[in-house]
Number of protein chains: 2
Amino acid sequence: MKAKTDTTTDTIKSASKEQRRLQMADIARLAGVSTSTVSRALSGSTLVNDETRQRIAELARSLKYSINIDARNLRLKQTRTIAVVVPFDSETRQHLSDPFFLGILGSLADALTDRGFDMLLSRIDAEHLDNAAQIFDTGRVLGVILIGQWRHHDQLNQLAARHVPIVVWGAQLPQQLYVTVGSDNVTGGQKATEHLLQSGRKRIAFFGDTQLPEVAQRYEGYCKALAQHGIALDEKLVVPASFIEEGGKLAVAELCNRKISFDALFACSDLLAMTSINSLREKNYRVPDDVAVVGYDDIELARYFHPPLTTVRQPMAQAGLALVDALLSLTEDGNSEARLLPTELMVRASSV
Amino acid sequence: MKAKTDTTTDTIKSASKEQRRLQMADIARLAGVSTSTVSRALSGSTLVNDETRQRIAELARSLKYSINIDARNLRLKQTRTIAVVVPFDSETRQHLSDPFFLGILGSLADALTDRGFDMLLSRIDAEHLDNAAQIFDTGRVLGVILIGQWRHHDQLNQLAARHVPIVVWGAQLPQQLYVTVGSDNVTGGQKATEHLLQSGRKRIAFFGDTQLPEVAQRYEGYCKALAQHGIALDEKLVVPASFIEEGGKLAVAELCNRKISFDALFACSDLLAMTSINSLREKNYRVPDDVAVVGYDDIELARYFHPPLTTVRQPMAQAGLALVDALLSLTEDGNSEARLLPTELMVRASSV
DNA sequence: CTGAAAGCGCTAACAC
DNA sequence: GTGTTAGCGCTTTCAG
């Protein structure tokens with residue numbers, strides 16, 4: 001009797017309330033079966049009569065009923081959602097605008113969609129990357145993909161130690177407990193520098209903040225190439241330009257003010273290369289005649305720039321796939337290896 | 001007795017199983033209280049003893065316990081997650097790469113984070129925008145923000161008719177049931193054209209696919225400005241360039257092949273403007289001397305381009321906020337109004 | 001102030 | 001084949 005009363009109340013409510021969400025019980029009632037049957041039918045179980053299944057499927061479709069995923073996940077203790085976390089710099093309160101990161105985001109969205117996963121996107125303070133654990137602890141996601149390692153190797157290690165399934169876009173470091181996916185920065189830096197050396201440049205400036213692991217590796221490649229050509233490293237040519245806003249402008253100004261001569265420039269991001277080129281132009285340097293420039297990333301706009309930018313391509317489409325695959329194998333097998341994506345030097349007019 | 005047995009089993013299990021996720025019952029057991037009390041303590045209810053609350057809070061923190069959001073949402077029938085949908089073009093299987101859309105995505109991420117909402121990002125086939133309803137029907141999100149109206153006004157109207165809370169980035173159209181947020185395209189197009197006219201240009205080409213509502217409105221502004229200056233519209237100057245890849249190149253080629261003279265160009269996106277400028281340069285037109293160019297969007301790279309690009313700025317940061325606010329007022333009050341964001345002409349070297 | 005019990009929407013033994 | 005029942009992790013009446 002209690003049940004009966006409830007049902008009546010429910011019906012009245014649903015009539016008066018604007019629009020209660022349809023649920024399995026409704027479909028069951030309308031189809032004259034139990035919810036179990038509906039559940040089975042909708043999940044394609046063979047345990048249910050073909051005809052019944054068809055009927056239920058049809059009914060659900062026509063009523064535009066969709067199963068409540070959260071309830072399902074709760075019951076099944078599973079989820080097909082992945083967290084993607086993009087750190088932000090708390091000092092500059094920097095917005096998410098770096099074209100390369102944004103590009104990876106797009107690539108991830110595609111890769112996850114292909115694999116049938118949903119993506120929960122969040123931003124967290126770069127100084128507290130360990131907060132990324134929380135989103136996992138709340139149980140809504142299978143694992144975490146973090147775009148941007150910054151200088152917080154230690155925090156990331158702690159996360160991994162806590163068994164948070166996490167994959168990071170960045171550089172592979174010694175003593176690393178977490179899984180990284182990234183481009184081969186050493187080789188990338190080497191290719192860029194090698195290319196400049198081969199076109200006869202001798203005084204190659206390096207723009208980048210070597211505190212960041214990825215940049216440090218590109219710098220290593222830069223040094224390697226110089227060494228191979230028997231050229232001594234001139235520290236004055238190394239400028240710790242940051243990725244922010246006017247990084248290139250400041251770096252170029254620094255070299256000029258200190259009257260340091262240079263005939264080439266390897267910038268650790270395309271954005272940095274572009275702002276540098278603009279500054280060089282203002283100071284009446286010709287690119288590439290006076291200064292040859294190579295960037296890093298190969299963002300879409302690199303080839304539309306003037307002059308078209310020579311740059312080290314990070315394979316963006318592969319990046320998304322690799323990140324997702326690394327994370328999935330981590331959650332499935334419990335372990336997963338770092339992946340190093342090949343880089344490719346895209347030679348364009350800015351360096352030849 | 002049954003309860004007791006279960007507890008014992010549980011304990012054994014949790015010891016043997018590698019790492020069961022912590023849950024409220026665990027905290028309760030450890031604190032020697034019931035789950036009700038833990039629930040109250042963690043939600044800051046005044047119904048619980050101050051000392052007890054502190055103790056529980058401390059325990060939860062030290063154990064890094066986070067409440068299971070899905071279970072909570074299920075019980076409370078609420079959620080603080082918003083779906084953000086970015087359509088993809090099924091034909092070109094185009095990836096998510098347009099800098100402006102990517103930028104809006106960043107802006108949305110920031111706005112949602114500020115408001116304490118999570119963002120569920122998905123991509124759907126642009127030909128079936130109505131699939132966006134499904135993600136709402138599954139009950140995981142409060143509402144949907146769709147970036148890109150494309151030519152599917154009708155499908156969007158159907159969604160709204162089904163009472164799916166949805167806000168769309170795009171143009172406001174007559175007979176529109178859904179809420180849009182967008183920039184003032186008519187005025188934007190007018191400003192761009194007006195600017196070119198005032199610098200003495202007479203033959204202004206228009207690049208853009210007027211099948212898209214936003215572009216159609218920019219075109220309307222273009223026509224208005226021409227009319228105000230008593231200049232007859234020359235249809236030959238209107239080229240239906242698409243936003244894809246080599247749009248600018250094709251459009252420029254078309255004008256040149258047909259030997260149509262022009263001294264200015266209004267392109268409906270910065271990307272289009274940039275590729276057009278590159279093509280013009282290849283054909284030995286000087287920008288702005290021979291052809292003045294104005295773009296649309298003011299993506300970050302516009303000011304780093306050479307020549308720096310004059311463009312109609314769509315306020316990206318505001319865009320995210322406006323979209324979120326529009327959606328929230330829709331879900332709260334049940335209705336919400338379209339928002340038209342002001343545009344601003346950024347005059348740079350490509351046009352003067 | 002605290003605990004016992006019911007139930008959010010769904011699935012999976014277990015019965016029939 | 002199908003229905004009944006218990007329970008996923010949480011919140012909230014309702015008693016005490």
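Residue numbering restarts at 1 for every chain, and letters A, B, ... go by the order of the sequence lines. All values derive from a computational prediction rather than experimental measurement.
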- Item | Inter-residue atom distance T331(B).OG1 - I166(B).CD1, 0.5 Å rounding | 13.0 Å

- Does T37(A) make a side-chain N or O approach to OP1 or OP2 of dG3(D) shorter than 4.0 Å?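 So the side chain of T37(A) is within the cut-off, an N or O lying under 4.0 Å from OP1 or OP2 of dG3(D).
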
- Quick one: which of Q172(A), H153(A), Q155(A) gives a side chain to side chain donor-acceptor pair (under 3.5 Å) with Y178(A)? H153(A)

For [X] and [N], what is the distance between atoms [atom1] and [atom2] respectively, to the nearest whole Å?
| X | N | atom1 | atom2 | result |
| --- | --- | --- | --- | --- |
| R140(B) | dC10(C) | CZ | P | 14 Å |
| R20(B) | dG9(D) | CZ | C1' | 11 Å |
| L47(B) | dA15(D) | CG | C1' | 14 Å |
| D137(A) | dG9(D) | CG | C1' | 15 Å |
| I27(B) | dT11(D) | CD1 | P | 13 Å |

Polar pair under 3.5 Å, donor/acceptor by atom type, side chain [X], base [N]:
| X | N | answer |
| --- | --- | --- |
| R40(B) | dG3(C) | yes |
| S36(B) | dT11(D) | no |
| S34(A) | dT4(D) | no |
| S39(A) | dA12(C) | no |

Is there a donor-acceptor contact under 3.5 Å from the side chain of [X] to the main chain of [Y]?
| X | Y | answer |
| --- | --- | --- |
| T113(B) | A109(B) | yes |
| S39(A) | T35(A) | no |
| R80(B) | G116(B) | yes |

- Shortest non-hydrogen separation from L142(B) to F136(B) and the atoms involved: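 Minimum heavy-atom contact is O-CE1, 3.7 Å.
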
- Message: Ignoring hydrogens, what is the shortest heavy-atom contact between I124(A) and H128(A)? Give both atom names and the distance.
- Response: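 Smallest interatomic distance, heavy atoms only, reads CD1-O, 3.9 Å.
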
- Message: Within residues 48-79 of chain B, which residues have any heavy atom lying less than 4.0 Å from an atom of DNA chain D?
- Response: Y65(B), I67(B), N68(B), A71(B), R72(B), R75(B), L76(B)

- Residue closer to the 5' end of DNA chain D, V33(A) versus S43(B) (nearest nucleotide): V33(A)

